[in-house]
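One-based numbering, in listed order, for ligands and for the atoms of each.
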Amino acid sequence: MMTEEERIKEACRWLSQFKNIAILTGAGISKESGIPTFRGKDGMWKKYRVEEMATPYAFQQDPRKVWEWYDWRRQLIMKANPNPAHRTIAEMENIYPKFTVITQNVDGLHKRAGCKNLIELHGNIWRARCIDEERIFGFTEVPLRHIPPQCECGSLIRPDVVWFGEPMPKKEVAEAFTLAEECDVMMVVGTSALVAPAASLPYAAKKNHAYIIEVNLESTPITTIADVSLFGMAGEILPELWSNVKKELDNDKSE
Ligand code: OAD
């Protein structure tokens with residue numbers, strides 16, 4: 001069993017040796033920005049679970065309730081700022097020839113931290129679309145004056161995010177799998193890895209011989225395939241890991 005120090009060293013070795021890096025993130029990376037995760041008691045809104053709220057059926061049954069949940073999340077996200085984990089990842093992007101962030105988050109914090117190569121698999125909470133016209137538009141009113149909001153055409157507007165039971169955006173998913181298959185190292189940060197297809201990406205990477213580094217507070221299904229799991233807060237682990245990698249890269253340059 002490796003010590004924490006040895007695990008960091010190992011992760012650091014791969015990140016300084018390889019040039020094609022993919023990062024997969026989930027709600028845990030935004031936790032330290034004050035945005036609750038979905039699972040665990042902390043992620044509950046009133047008494048509802050995400051699987052009951054983020055579905056086309058829930059919206060059809062009670063659009064007001066679903067929008068109240070999104071309004072609550074949008075208010076939290078609006079007040080939030082990228083944390084050291086988002087910022088470290090944005091900094092890493094400047095160093096590697098091939099570097100992409102694949103996120104399940106809809107909060108837009110990676111982009112605000114400066115990430116450019118970003119795949120938002122589940123959409124973005126600041127976009128909405130009319131349920132009839134399928135027109136997608138920016139929708140930033142916070143808090144909402146009228147719930148549920150309506151389109152000019154009279155139909156309801158819904159958040160432009162992927163709900164349970166809905167198809168995923170084809171182009172983004174295909175791109176994410178290609179990146180997973182081609183990368184040398186995949187770092188999996190703050191996801192419970194329970195929701196497909198994002199949860200399959202580390203398996204696709206592993207199958208193609210990438211090293212998997214996991215960063216999470218606790219073990220997940222990915223822990224069993226990870227080459228290294230670093231347990232703790234992403235906002236602390238990522239900056240520490242990255243400062244070690246930078247030292248290593250500087251040493252290599254001066255040799
Ligand atoms: P979850 O809420 O399922 O999992 C969050 C993960 O982050 C857990 O494994 C936590 O242990 C970990 N975590 C929490 N705080 C952390 C911290 N400070 N540092 C590191 N790790 C931390 O969130 P996701 O895996 O993102 O989709 O959930 C996947 C999808 O399920 C979401 O995109 C959303 C949800 O339903 C849709 O709404 C379609």
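Lys19 and Pro97 make their closest contact through O-CD, 3.5 Å (heavy atoms, listed as atom of the first residue, atom of the second, distance). Contact between Asn83 and Gly235 at its shortest, heavy atoms only, is OD1-CA, 4.4 Å.
Of the possible donor and acceptor atoms, one in the side chain of Glu32 sits under 3.5 Å from a partner among the backbone N and O of Ala234.
A side-chain contact (heavy atoms from CB on, under 4.5 Å) with Ile23 holds for exactly one of Ile29, Ile89, Ile213; it is Ile89.
With 3.5 Å as the limit, one finds no donor-acceptor pair spanning the side chains of Glu133 and Ser155.
Contact check for Leu121 versus Val162: no side-chain heavy atoms found under the 4.5 Å cut-off.
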Give every pair formed by an N or O atom of ligand 1 and a protein N or O atom closer than 3.5 Å, one pair per line with both atom names and the distance to 0.1 Å, or write none.
residue: ligand 1; atom: 2 (O); partner: Phe38; partner atom: N; Å: 2.7
residue: ligand 1; atom: 2 (O); partner: Arg39; partner atom: N; Å: 2.8
residue: ligand 1; atom: 3 (O); partner: Arg39; partner atom: NH1; Å: 2.7
residue: ligand 1; atom: 3 (O); partner: Ser192; partner atom: OG; Å: 2.6
residue: ligand 1; atom: 4 (O); partner: Ser192; partner atom: N; Å: 3.4
residue: ligand 1; atom: 7 (O); partner: Gly190; partner atom: O; Å: 3.2
residue: ligand 1; atom: 9 (O); partner: Asn216; partner atom: OD1; Å: 3.3
residue: ligand 1; atom: 9 (O); partner: Asn216; partner atom: ND2; Å: 3.0
residue: ligand 1; atom: 11 (O); partner: Asn216; partner atom: OD1; Å: 2.6
residue: ligand 1; atom: 18 (N); partner: Glu32; partner atom: OE2; Å: 2.7
residue: ligand 1; atom: 19 (N); partner: Ala234; partner atom: N; Å: 2.9
residue: ligand 1; atom: 25 (O); partner: Thr191; partner atom: OG1; Å: 2.6
residue: ligand 1; atom: 25 (O); partner: Ser192; partner atom: N; Å: 2.9
residue: ligand 1; atom: 25 (O); partner: Ser192; partner atom: OG; Å: 3.3
residue: ligand 1; atom: 26 (O); partner: Ala27; partner atom: N; Å: 2.8
residue: ligand 1; atom: 27 (O); partner: His122; partner atom: ND1; Å: 3.4
residue: ligand 1; atom: 28 (O); partner: Arg39; partner atom: NH1; Å: 3.2
residue: ligand 1; atom: 31 (O); partner: Arg39; partner atom: NH1; Å: 3.1
residue: ligand 1; atom: 31 (O); partner: Arg39; partner atom: NH2; Å: 3.4
residue: ligand 1; atom: 33 (O); partner: Gln104; partner atom: O; Å: 3.1
residue: ligand 1; atom: 33 (O); partner: His122; partner atom: ND1; Å: 2.8

